[in-house]
Structure formats: C-alpha cells, structure tokens
Protein chains: 2
Amino acid sequence: MSAPARLVTQCPDDILSQCAALMARQGYHGTSMRDLARTTGRSLSGLYHHFSSKEDLLYLINERGFSSLLGNAERLREEWRSRARAKPATAADAAALLRDLISAHVDYFSRHRSEMRVLMLGTQPMSPAHGEVVRRLKQRYSEVLSYAVSEYLAGHAPGTPRAEVERKAWLLFGMMNWIFGWYSVDELGSPRDLAGDIFGIFTQGCLAGSRAAATSE
Amino acid sequence: MSAPARLVTQCPDDILSQCAALMARQGYHGTSMRDLARTTGRSLSGLYHHFSSKEDLLYLINERGFSSLLGNAERLREEWRSRARAKPATAADAAALLRDLISAHVDYFSRHRSEMRVLMLGTQPMSPAHGEVVRRLKQRYSEVLSYAVSEYLAGHAPGTPRAEVERKAWLLFGMMNWIFGWYSVDELGSPRDLAGDIFGIFTQGCLAGSRAAATSE
DNA sequence: GTACCGACCGAACGATCGTTCGGTCGGTAG
DNA sequence: CTACCGACCGAACGATCGTTCGGTCGGTAC
C-alpha cells in the first residue's frame, strides 16, 4: 500500500460492458467464452482471470445494471420524501416524481443499451443464489415505480383499486422497456422526447379512469 | 388418394408448440435438440424427420405465430375498410378498430404465451432468407397497428406529426408486448381487462396531446 | 539478490452440441 | 408376394462448448 494507487483492474468495468454488448446481440447461450475473449482482446484463459465462470459474468452484468437503476430510483424517491416532510406534497409533486423516474429510466437505458438488453432477455441460466439477488433488485425497483404510480393516482384519481394500480404500473413498465428491445434509439427521437411521450400518455391516460374503456358494445 | 384422408402428420403442429414451450423457458441456444426430442417423446433422429434443422424449427415457430397475428389484424382492418366504404367512418369507428386490434393481440398472446415469448426473444440466429420473411411479417403487422393509430389520431387529434404517431404506436406496442415477457398472465387479471386498460390509457393519453408533458420546470 | 504478485497465455480435458447414416417396422398399392 | 412409403430409432461423426492446468512476464517489497 504505497504510491501509485489502484485505479485500474480490480473490477473489470470495461470488459463487462464489452461482453454485454456481444451478449445483447447473440444472447447468453449464443455467445461463447471464446467469442467474449476475442472481442475483449484477451485470450480465453486470460478472461477467466477476471470472472470465475460464464454464469458469474452474467450475474455481474445483471447486478451492476439493476443496482444502478435502483440507486437512481431510490435516490429520487428519498428526495421526494424529504421534500414531503418539509411541506405537504401536492398532486403536482407526485407527477414530478413520476416524470423524473421515467426520465431517469429512459436516460439510463439509452446510455447502456447493451447491458439493458441483456437484463431484459431473462434470468433463467443463473444459479439460485445469484438469481435471488437479481430478482430482489428487480422487485425493489418495480416497487419504487409502483409507489410513484400509486402516489400519483392517490392525488389525481383517488379510490383506484389496488389491482388496477399494479396493472397500470406494469403497462408503464412496458412502454419504458419495450422500445429498446426491438428498435434502435436512433429512430425514436431523443430520450427526452420519448420520456415526455411516455409520461404524457400514461398520466393523461390514467386520469380518464377505467370506466372510459367502454366505447362501443 | 383414397379413403382415410390426411389429417394428422404432414405438418407437425403439436410438436411445434411443445418445442416452443421449452424454448420459451430456456431460449433458442439454451435448448438442445436432445431436450426437444425428450419433451416431445421422440428420439433425436425422429425429430429430424419433421424438421430439416434446428434453425428451421425456429423459423416455423416464428412464421406461424406472426402469420396468425397478421391474419387477424388484416382481417379486422379489411372489415373496417369495407364498412368505411358503405358509410363514412366516424371517429368512434376508428377507436373501435384500435380497440379490436388490441383485444385480438392480447387474446392471441394469452392463448399462445410460449410461442409469443419465442417470437419476442429475437430473430438473430436465423438464415438471411428466413430472417427476411419473418422481418417482413413483423413489419406488415406493425403497419396495420400504425395505420389504426394514425386513423384514430386523425379523428381525435388532427395535425399530429408523423414522427409522433409512430412513436406513440411503438409505445402502444410496448404495453401490449411487455407484460408477457416478464410476468404471468395470472397476476394481471383477464385478457379482457388488460386490453381494456391498454386501450383506455393509450387513447385517453393521446387525446391530451404532446404539449401536456410540461408539468413542472 | 529472492520472493511474491496480478495479468495473461497455450494447450488440453471431458462433455455436449447439431447433424447424419443405416436400418427397422407397420401399412397401403399393385 | 414384392415394392414402396412415412415415421421412427440407435449409434456415431466432427465441431465446439465451459473450464482447468502449468507456465511466462513485468513489476513492487524486503
């Protein structure tokens, strides 16, 4: 423990994202360790110096991605809660929280598209222990979003049933996640426009309530 | 060409869906031909009697799924067009078309969850020829949906820019598709409720226009 | 100097992969 | 009877898979 300090190595951050980029295109099982070694400019056994196994690599990508996403979301929620303690929150405040969460999500996705695509393609091939950690992160993240949705609905459409709140939160998730699964971000305009559209459609759509669905018949 | 008629065999319909069920859980590369042979109750070489290759099997699942989806959608659109020729279409008619398309989509997904999950996980490992066919089907399907969205917006929010129409159609796609990627249909209520929610959020959300997105700041 | 370190490599291991080949069996057709 | 057919199987092929092992090299620590 002396002069030059440890900044490189230790945790192979760039290697991880290079691997994620390849896995995003070919899938976990469709990408071999030899493929990953080649694109990271290392040898096969050199790659194993950084990760204990292929599954471990997948876990690290998942853990890192969801942790960042969750960190952003929980920070926004805490800021909102401390503001709410200072002075009572208005309905507009809840809308602002929801809008910030959507923006943060879309921004993060657009800046880490490969990693996010890996996260979306499923958790199946992970060990029970790793899978549990990732599942927990996923759930905590969706709980923050559900919380914001229910706070928003409490202010703008009070009395919405719990089941409907959750269903709508999931639909919001759908809008936020799907686009990056199929399409390129280049064809969709800026993340800012996209987040604005999602926020606009969701909030205005929720205001109309569920009874508005009966148009014909 | 005589008595008993050909109803079985020819095209292995049930085998296909059994294979899709396994691939939906493990992914294409994560499922071996031996796995597929075992779950279909056949031997490895017995399976190759029905499909020329593993990739061919993936293609058949994709082609079949998207063709059904597209068939339903184009039928609904043609019905609408012929009604529009009889008497001028109202704005409510366009909403009904959109609602029927969403219902058909959600219904089909809920009845063929495994196949649909395979379709959503990507097209990469297909040959150029097969990939092109599937890509064409996908595009035709999304064009029907975009058409309905633009017809709806023409009646309810005239003057919406083309790019915004497409972005909103994609967000609608997101709501329709995402839920079956992550969550089980059991927790989401009936397909009917779900389709109603999607239709309600989307249509009411679009009515508010894009300028409503500026709530704070 | 020697000792130890993390980063990295070439070569190989056993297992599993997609695919092929030769053959069996029950059922019409002539 | 023979000829032919689709459905199906066991056994094997070459290739590729994830992983391991022994070793090399440049750099501190003492």
Side-chain angles (χ1 to χ4, degrees), chain A residues 1-20 22-23 25-62 118 123-131, chain B residues 1-20 22-23 25-62 118 123-131:
Chain A
M1 47 186 82
S2 61
R6 42 161 65 222
L7 6 119
V8 267
T9 62
Q10 180 193 0
C11 253
D13 230 352
D14 50 336
I15 304 182
L16 219 66
S17 76
Q18 282 179 284
C19 292
L22 202 59
M23 282 193 181
R25 286 198 288 112
Q26 309 181 347
Y28 173 76
H29 289 293
T31 308
S32 71
M33 291 298 274
R34 287 163 178 85
D35 288 338
L36 295 172
R38 198 180 311 116
T39 60
T40 56
R42 250 161 291 260
S43 78
L44 181 56
S45 36
L47 194 62
Y48 270 95
H49 184 73
H50 300 280
F51 311 102
S52 66
S53 69
K54 189 184 178 186
E55 190 249 73
D56 185 52
L57 203 157
L58 177 66
Y59 166 72
L60 287 176
I61 293 174
N62 273 266
V118 173
T123 319
Q124 301 98 349
M126 275 198 279
S127 75
H130 284 170
Chain B
M1 49 182 86
S2 61
R6 43 160 65 225
L7 7 120
V8 267
T9 62
Q10 181 192 1
C11 253
D13 229 353
D14 50 338
I15 303 182
L16 219 66
S17 76
Q18 283 178 285
C19 291
L22 202 59
M23 283 193 181
R25 288 197 289 112
Q26 310 182 346
Y28 173 76
H29 289 294
T31 308
S32 71
M33 291 299 273
R34 285 164 180 84
D35 289 338
L36 296 172
R38 196 180 313 114
T39 60
T40 55
R42 251 160 289 260
S43 78
L44 181 55
S45 36
L47 195 62
Y48 270 95
H49 184 73
H50 300 281
F51 311 102
S52 66
S53 70
K54 190 185 177 185
E55 190 249 74
D56 185 52
L57 202 158
L58 177 66
Y59 166 71
L60 286 176
I61 293 174
N62 273 265
V118 174
T123 319
Q124 300 98 348
M126 275 198 279
S127 75
H130 284 170

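Order of the sequence lines sets the chain letters (A, B, ...), proteins ahead of strands, with each chain counted from 1. Remember, predicted model here, so these are calculated numbers, not experimental data.
- For B:Thr39, the side chain to side chain contact (heavy atoms under 4.5 Å, CB included) criterion is met by B:Leu22, not counting sequence neighbours.
- For residues 42-53 of chain A, no pair satisfies salt bridge (charged side-chain N to carboxylate O under 4.0 Å, His left out), with sequence neighbours left out.
- Residues passing the ring pair (Phe, Tyr, Trp, His ring centres under 6.0 Å) test with A:Phe51, sequence neighbours excluded: none.
- Proximity of B:His49 to the phosphate of D:dC8: no side-chain N or O atom is located under 4.0 Å from OP1 or OP2.
- For A:Asp35, the salt bridge (Lys or Arg N to Asp or Glu O under 4.0 Å) criterion is met by A:Arg38, not counting sequence neighbours.
- Checked against ring pair (Phe, Tyr, Trp, His ring centres under 6.0 Å), A:Tyr48 has no partners two or more places apart in sequence or in another chain.
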For nucleotides 12-25 of chain C, read 5' to 3', which letter fits each nucleotide if B means a protein heavy atom sits under 4.0 Å from the base, S means only the sugar-phosphate is that close, and - means neither?
B----BBBBB----

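- One can place CZ of B:Arg42 at 12 Å from C1' of D:dC9, the figure rounded to the nearest angstrom.
- A heavy-atom distance below 4.5 Å is found between the side chains of A:Met23 and A:Leu57.
- B:His29 is linked by a side chain to side chain donor-acceptor pair (under 3.5 Å) to nothing, counting only residues two or more places apart in sequence or in another chain.
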Tell me, what's DNA chain C's dot-bracket, Watson-Crick or G-U with both distances under 3.5 Å, | for other-strand, [ ] crossing?
||||.||||||||||||||||||||.||||

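- A salt bridge (charged side-chain N to carboxylate O under 4.0 Å, His left out) check over residues 45-60 of chain A, counting only residues at least two apart or in different chains, returns nothing.
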